[in-house]
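The shown structure was predicted, so the numbers you read here are calculated from the model rather than taken from an experiment. We name chains A, B, ... by the order of the sequence lines, and we start the count at 1 in each one.
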There are 2 protein chains.
Amino acid sequence: MAVSRLITEVITKLKQGRMVVLYDGDEREGEADLVFHASFATPENIRRLRKDAGGLICLSLDSGFAKRLELPFYADILAQSKYSVKKMECKKAAYGDKPAFAIPVNHKKVYTGITDIDRSLTIKKMAELAQMKADGEGEAKSVHNKFVKDFYSPGHVFLLIGRGIENRHGHTELTLELARLAGMSGMMVLCEMLGEGNALSKEDARGYAKKNGFAFIEGKELF
Amino acid sequence: MAVSRLITEVITKLKQGRMVVLYDGDEREGEADLVFHASFATPENIRRLRKDAGGLICLSLDSGFAKRLELPFYADILAQSKYSVKKMECKKAAYGDKPAFAIPVNHKKVYTGITDIDRSLTIKKMAELAQMKADGEGEAKSVHNKFVKDFYSPGHVFLLIGRGIENRHGHTELTLELARLAGMSGMMVLCEMLGEGNALSKEDARGYAKKNGFAFIEGKELF
């Protein structure tokens, strides 16, 4: 795929630590997420997500990194449990896909885990983990060990696992495709943009992006 | 415990469907939550929680109702799983308690699950479930059956299970104690109030309550 001018703009902004408004598609959730690369997490931009977007603050991880962490999908943990609520496992949401949720985590240095400072810390520490070398088997194991030693669950940052843009066109995969195109590690922060009652409309999301100098991109540009 | 004038005011407001600002205590999380009874959930007050409070929108359930639902704690599901991340189970958060999280759910009639309309629907349907009679064993079973049939997980409303005010003084137990004193079903909506970077201070939470005509109460009034 030739990289369009729009994608070049998005990549440039992501590398500068700027936010991007990412709309999945009219035929899917019909939802815009406010997204940025995990390495740029600060209390200020976490605050902006909760103030301006309003959804859940999540962290998408590419499947390679999730594998190094030995991170399963939440739905699998639930479905394989001994509890009768395992029957509640979501196999397919109303918009047509399996959910991307893994487990929610906090870094052990947080206090409650929910404040801007705490969520930002958890995300920054996850981004640092992604920077650890994993050339050999021993190093992959040490990334896993650091993950289970330094973080706990349940926490307040919702980890998502990408299934690859060729398999699923959710915000999880779209954000990771942006990271890949930008040559950055596969870990992005995302939060659903909500309007009054419903998801923020595509036009309002575009208007928000324009007003704030953020790039606006639709999923279809990426697959 | 004699019911104070403050508690009488709080009970009256909760019965009217009003919100209450509930501060746990300086020695615990040092955090105020914006709370109301689940039966009064609307898209408008869910919107207020995300705009004015900013934390996770959760639903506390008393242990009796959780038992009828056969609802386990998330930490137990994780700890008993076959995955290596089970070592991440949070046994005690920095503020001293085990977490109250059960599983996150959506009602099956939602679309994405995260919008004000969707979260309000999920909560209203949970509140209806709590109204179902459960005098006999068969009826308790039918509440469970309706729960696993009509809701799925992972979703966007975070269920919490109370351990009883005599055992734990978290927002979960404090909200449920308020519901009990008000003679209402044991199911309350709660969301952490966040300030810039940190939790909203006690004084700012009190100011917010005053400005909006909400009652303000501290945990120590309840145990």
> Taking all atoms of both residues into account, what is the closest heavy-atom pair of I77(B) and S81(A), and its distance?
Replying inline: CG2-CB, 4.0 Å
> Of the backbone (N, CA, C, O) and the side chain (C-beta and beyond), which part of P154(B) lies under 4.5 Å from a heavy atom of chain A, both, or neither?
Replying inline: both
> Is it the side chain or the backbone of Y95(B) that comes within 4.5 Å of chain A heavy atoms, both, or neither?
Replying inline: both
>> For G195(B) versus R50(A), what's the shortest heavy-atom pair and its separation?
In response: O-NH2, 2.8 Å
>> I need the N198(A) CG to I117(B) CD1 distance, nearest 0.5 Å.
In response: 4.0 Å
>> Can you give me the closest heavy-atom contact between L56(B) and I114(A), atom names plus distance?
In response: N-CD1, 3.8 Å
> In terms of heavy-atom pairs under 4.5 Å with chain A, which of K87(B), M88(B), E29(B), R47(B) leads?
Replying inline: M88(B)
> Pick from A93(B), S120(B), G54(B): which one has the most heavy-atom pairs with chain A under 4.5 Å?
Replying inline: G54(B)
>> If you compare all heavy atoms of T115(A) against all heavy atoms of A199(B), which two are closest, and at what distance to 0.1 Å?
In response: CG2-N, 3.4 Å
>> Quick check for you: among P99(B), G155(B), S153(B), A94(B), which has the greatest number of heavy-atom pairs under 4.5 Å with chain A?
In response: S153(B)
>> Take a 6.0 Å sphere around CD of E196(A) and say whether it holds more than 12 heavy atoms from other residues, nucleotides or ligands.
In response: no
>> Please confirm whether the ring centroid of F158(A) lies under 6.0 Å from the ring centroid of F158(B).
In response: yes
>> Is a donor from one side chain sitting under 3.5 angstrom from an acceptor on the other, for Y83(A) and Q80(B)?
In response: yes
>> Are more than 12 heavy atoms, taken from residues, nucleotides or ligands other than K202(B), located less than 6.0 Å from that residue's NZ atom?
In response: yes
> Which bit of K82(B) comes within less than 4.5 Å of chain A, counting heavy atoms only: side chain, backbone, both or neither?
Replying inline: side chain
> Do E70(B) and S84(A) have side-chain atoms, one donor and one acceptor, less than 3.5 Å apart?
Replying inline: yes
> Stepwise, does the side-chain contact (heavy atoms from CB on, under 4.5 Å) test hold for H156(B) with E192(A)?
Replying inline: CA-CA 12 Å; H156(B) 296 82; E192(A) 302 99 339; 4.1 Å; yes
> Is the shortest heavy-atom distance from the side chain of E89(A) to the side chain of Y152(B) under 4.5 Å?
Replying inline: no
> Checking F101(B) against chain A: side chain, backbone, both or neither under 4.5 Å from a heavy atom?
Replying inline: side chain
>> Given heavy-atom pairs under 4.5 angstrom as the criterion, report whether the side chain, backbone, both or neither of F151(A) touches chain B.
In response: both
> When heavy-atom pairs shorter than 4.5 Å are enumerated against chain B, which of I57(A), D76(A), L71(A), T42(A) gives the highest number?
Replying inline: D76(A)
>> Restricting to non-hydrogen atoms, name the atom on V85(B) and the atom on V148(A) that form the minimum distance, rounded to 0.1 Å.
In response: CA-CG1, 4.4 Å
> Relative to chain A, which segment of I103(B) carries a heavy atom at a distance below 4.5 Å: side chain, backbone, both, or neither?
Replying inline: both
> Where on V105(B) is there a heavy atom nearer than 4.5 Å to chain A: the side chain, the backbone, both, or neither?
Replying inline: side chain
> Looking only at heavy atoms, which two atoms of T112(A) and E31(B) are closest? And how far apart?
Replying inline: CG2-OE1, 3.8 Å
